[in-house]
Amino acid sequence: MVSANLHRRHLTETQRALAAEQLANLKPGRPENSANLQSISVADAAKRFEVSERSVHHARTVRDKAAPNVIAAVEGGEVAVSTAARVAKVVPKEEQEAWTDPAKTIRQIDREVRE
């Protein structure tokens, strides 16, 4: 199912990394009594979605440390997952929630952090 949808839809690398991160976070064994599903490692999820393991780890950082408006900007392709992850590590969620243009703010903060 993953490979069929991956090629049918035109997803950016960032969007594929977010999807791979979600797949790697699925709990094994659902439905409980009718399947023997195994958990999926980050490496396997990255391979299935044709992204690097590093991108999947960046996606996990964004999901864990970013505010909903920042996650939406990443999901919408407005900002790269790696850039959002770098900023999410240094700026508290509470501060991120106040941003009216998260993509622009992330790029600006990222430039400052890198200098």
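Predicted model only: the values in this text are computed from it and were never measured.
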Side-chain donor-acceptor distances from residues 108-115 under 3.5 Å, at least two apart:
{"from": "Asp110", "atom 1": "OD1", "to": "Arg86", "atom 2": "NE", "distance (Å)": "2.8"}
{"from": "Asp110", "atom 1": "OD1", "to": "Arg86", "atom 2": "NH2", "distance (Å)": "3.4"}
{"from": "Asp110", "atom 1": "OD2", "to": "Arg86", "atom 2": "NH2", "distance (Å)": "3.0"}

>> Holding to side chain to side chain donor-acceptor pair (under 3.5 Å), I want the full list of residues that pass it with Gln15, two or more places apart in sequence or in another chain.
In response: Thr12
>> If the condition is side chain to side chain donor-acceptor pair (under 3.5 Å), which residues does Arg63 pass it with, not counting sequence neighbours?
In response: Glu21, Glu75
> Side chain of Arg16, backbone of Leu11: donor and acceptor closer than 3.5 Å?
Replying inline: yes
> Excluding sequence neighbours, so at least two apart, what forms side-chain contact (heavy atoms from CB on, under 4.5 Å) with Ala19?
Replying inline: Phe49
> Quick one: side-chain contact (heavy atoms from CB on, under 4.5 Å) partners of Asp101, sequence neighbours excluded?
Replying inline: Ala103, Lys104
>> Going by the rule side-chain contact (heavy atoms from CB on, under 4.5 Å), which residues pair with Ala45 if we only count those two or more places apart in sequence or in a different chain?
In response: Ala20, Leu23, Ala24, Ile40
>> The criterion is side-chain contact (heavy atoms from CB on, under 4.5 Å); which residues satisfy it with Ala66, sequence neighbours excluded?
In response: Val62, Val70, Ile71, Ala88, Gln96
> Do you know which two heavy atoms are closest between Ala85 and Thr61, and how far apart they sit?
Replying inline: O-CG2, 3.9 Å
> What's the spacing between Lys65 NZ and Arg60 CZ if we round to 0.5 Å?
Replying inline: 13.0 Å
> Of all heavy-atom pairs between Trp99 and Asn69, which one has the smallest distance, and what is that distance?
Replying inline: O-ND2, 3.2 Å
>> Let me check something: do Val81 and Val87 share a hydrophobic cluster, defined by ILVMFWY side-chain heavy atoms less than 4.5 Å apart, either directly or through other members?
In response: yes
> When you measure from the side chain of Ser55 to the backbone N and O of Ala17, does any donor-acceptor pair fall under 3.5 Å?
Replying inline: no
>> Just to verify, what does Asp44 make a side chain to side chain donor-acceptor pair (under 3.5 Å) with, not counting sequence neighbours?
In response: Ser41
> To the nearest 0.5 Å, how far apart are OG in Ser82 and CD in Glu13?
Replying inline: 8.0 Å
